[in-house]
2 protein chains.
Amino acid sequence: MREVGARGPAISVDDDCPVREVLDRVGDKWSVLIVVLLGQRTHRFGELHRAIDGISQRMLTLTLSRLVRDGLVCRTAHPTVPPRVDYSLTDLGRTLLVPLRALDAWAVAHRDDIRAARARHDAAAG
Amino acid sequence: MREVGARGPAISVDDDCPVREVLDRVGDKWSVLIVVLLGQRTHRFGELHRAIDGISQRMLTLTLSRLVRDGLVCRTAHPTVPPRVDYSLTDLGRTLLVPLRALDAWAVAHRDDIRAARARHDAAAG
DNA sequence: CAGCATCCCTGAAGATACTG
DNA sequence: CAGTATCTTCAGGGATGCTG
């Protein structure tokens with residue numbers, strides 16, 4: 001396993017790159033959004049549907065089932081009528097909030113830098 | 001702007017969600033790999049091509065140009081013949097290594113948990 | 001309410017060939 | 001060596017309709 005990073009902890013990079021594994025899992029269009037919302041509090045299916053602007057029912061179902069499958073999200077179906085299903089983060093899911101916060105902090109701190117770089121680059125060339 | 005997180009720093013979630021912005025930018029198939037490799041040291045185009053197993057010339061070019069555009073990677077073309085082009089991280093790019101390391105640490109720490117959850121889930125249902 | 005089934009479409013990514 | 005140009009494929013995702 002090759003590693004990088006002169007100072008600070010290394011990031012492994014090879015064939016089975018853990019970072020890539022995470023990104024393949026939560027790097028899709030909706031997973032992070034859902035994890036973050038569930039990090040806030042438990043949500044029902046419909047609540048998530050309303051909270052996440054633009055998501056289709058299909059994608060919400062799909063993404064949730066993947067997250068449940070990966071042990072990040074917990075699904076609780078109440079045998080009532082009409083049915084009621086609650087989704088919440090598992091312990092594992094909650095631990096994921098930590099690195100996501102780090103990424104978020106970076107985004108907040110540097111979004112303007114990126115926009116500036118873009119503007120500069122686009123102005124120079126096209 | 002709605003925010004989440006009982007304890008710890010909040011993650012903003014709304015229409016312009018910073019986390020989503022980062023993921024849209026580096027959540028693709030190759031960007032993280034390239035950033036991490038360049039975090040190691042400066043690489044030439046061909047070095048990256050050989051280092052990243054499975055990437056096509058086209059995707060390497062595309063991904064690099066996006067990273068350059070966003071100010072994360074610096075491109076240095078030497079006017080020699082044959083041409084030689086060096087890629088390295090900018091200061092901004094280097095700061096990105098920090099949250100990526102957090103994500104990597106999480107991945108390393110929990111990949112087995114995810115695999116176990118999956119196995120459990122798949123065994124239960126299918 | 002929650003969610004599956006079906007159809008469709010687009011954009012990301014691969015393969016291949018060519019160039020300064 | 002370091003790309004560009006073109007064609008093609010495929011999976012992610014949207015829209016809609018139906019059901020326990």
Side-chain angles (χ1 to χ4, degrees), chain A residues 15 17 20-35 37-38 42-70 73-88 121 124-126, chain B residues 15 17 20-35 37-38 41-70 73-88 121-122 124-126:
Chain A
D15 13 302
C17 169
R20 272 291 300 282
E21 261 191 46
V22 194
L23 288 176
D24 286 347
R25 193 147 282 119
V26 300
D28 67 295
K29 201 171 177 183
W30 307 109
S31 291
V32 170
L33 231 37
I34 293 177
V35 168
L37 278 173
L38 295 184
T42 294
H43 281 69
R44 298 184 54 177
F45 184 91
E47 287 180 324
L48 287 172
H49 198 185
R50 281 186 298 276
I52 303 178
D53 195 60
I55 197 173
S56 63
Q57 212 171 33
R58 181 184 122 87
M59 286 318 295
L60 181 54
T61 302
L62 261 180
T63 310
L64 280 172
S65 71
R66 277 183 217 140
L67 291 172
V68 168
R69 178 169 182 248
D70 291 343
V73 163
C74 174
R75 190 194 119 116
T76 314
H78 300 84
T80 60
V81 48
R84 171 202 179 97
V85 182
D86 287 332
Y87 290 94
S88 57
H121 188 268
Chain B
D15 13 303
C17 168
R20 273 292 299 281
E21 260 191 47
V22 195
L23 287 176
D24 286 347
R25 194 146 282 119
V26 301
D28 67 292
K29 201 170 175 181
W30 306 110
S31 291
V32 169
L33 232 38
I34 292 178
V35 167
L37 278 172
L38 295 183
R41 62 173 176 81
T42 295
H43 282 69
R44 298 183 55 176
F45 184 90
E47 287 180 323
L48 288 172
H49 199 186
R50 282 185 297 277
I52 303 177
D53 194 60
I55 196 173
S56 64
Q57 212 169 31
R58 179 184 124 88
M59 286 317 297
L60 182 55
T61 302
L62 264 180
T63 309
L64 280 172
S65 70
R66 276 182 219 139
L67 292 172
V68 169
R69 179 169 181 247
D70 292 342
V73 163
C74 173
R75 190 194 119 116
T76 313
H78 300 85
T80 59
V81 47
R84 173 202 177 98
V85 182
D86 287 333
Y87 290 94
S88 58
H121 188 270
D122 292 356

**OP:** Any chance you could measure A/L38, atom CG, to A/L33, atom CG, to the nearest 0.5 Å?
**Re:** 10.0 Å
**OP:** Round to the nearest Å and state the distance from B/D28 atom CG to C/dG14 atom C1'.
**Re:** 15 Å
Original post:
Whole-Å distance between C/dT16 P and B/Q57 CD?
Top reply: 13 Å
Subject >> Whole-Å gap separating C1' (D/dT6) and CG (B/L62) >> reply: 13 Å
Subject >> Whole-Å distance separating the CZ atom of B/F45 from the C1' atom of D/dA2 >> reply: 6 Å
**OP:** Would you indicate which nucleotide in C/dA2, C/dG14, D/dA2 comes nearest to any side-chain atom of A/R44?
**Re:** C/dA2
**OP:** Side-chain contact test, heavy atoms from C-beta onward, threshold under 4.5 Å: evaluate it for A/V68 versus B/H121 and give yes or no.
**Re:** yes
Subject >> Axial cation check for B/W30 ring with B/R66, 6.0 Å and 45° limits >> reply: no
Original post:
Just how far, in rounded Å, is C1' of D/dT8 from CZ of B/R58?
Top reply: 11 Å
**OP:** Look at the side-chain N and O atoms of B/Y87 and state whether any lies under 4.0 Å from the OP1 or OP2 oxygen of D/dC1.
**Re:** no
Subject >> Nearest-nucleotide comparison on DNA chain C, the residue closer to the 5′ end among A/P83 and B/S56 >> reply: A/P83
Original post:
Mapping B/P82 and B/T61 to their closest nucleotides on DNA chain D, which lands nearer the 5' end?
Top reply: B/P82
Original post:
Taking NE2 from A/H78 and C1' from C/dG3, how many angstroms apart are they, rounded to a whole number?
Top reply: 17 Å
Original post:
Separation of B/I34 atom CD1 from C/dA13 atom P, in whole Å?
Top reply: 11 Å
Original post:
Has B/R84 got a side-chain N or O lying under 4.0 Å from the OP1 or OP2 atom of D/dA2?
Top reply: no
Subject >> Student check: side-chain heavy atoms of B/Y87 and B/L64 closer than 4.5 Å >> reply: yes
Subject >> Interatomic distance where NZ belongs to B/K29 and P belongs to D/dA11 [whole Å] >> reply: 10 Å
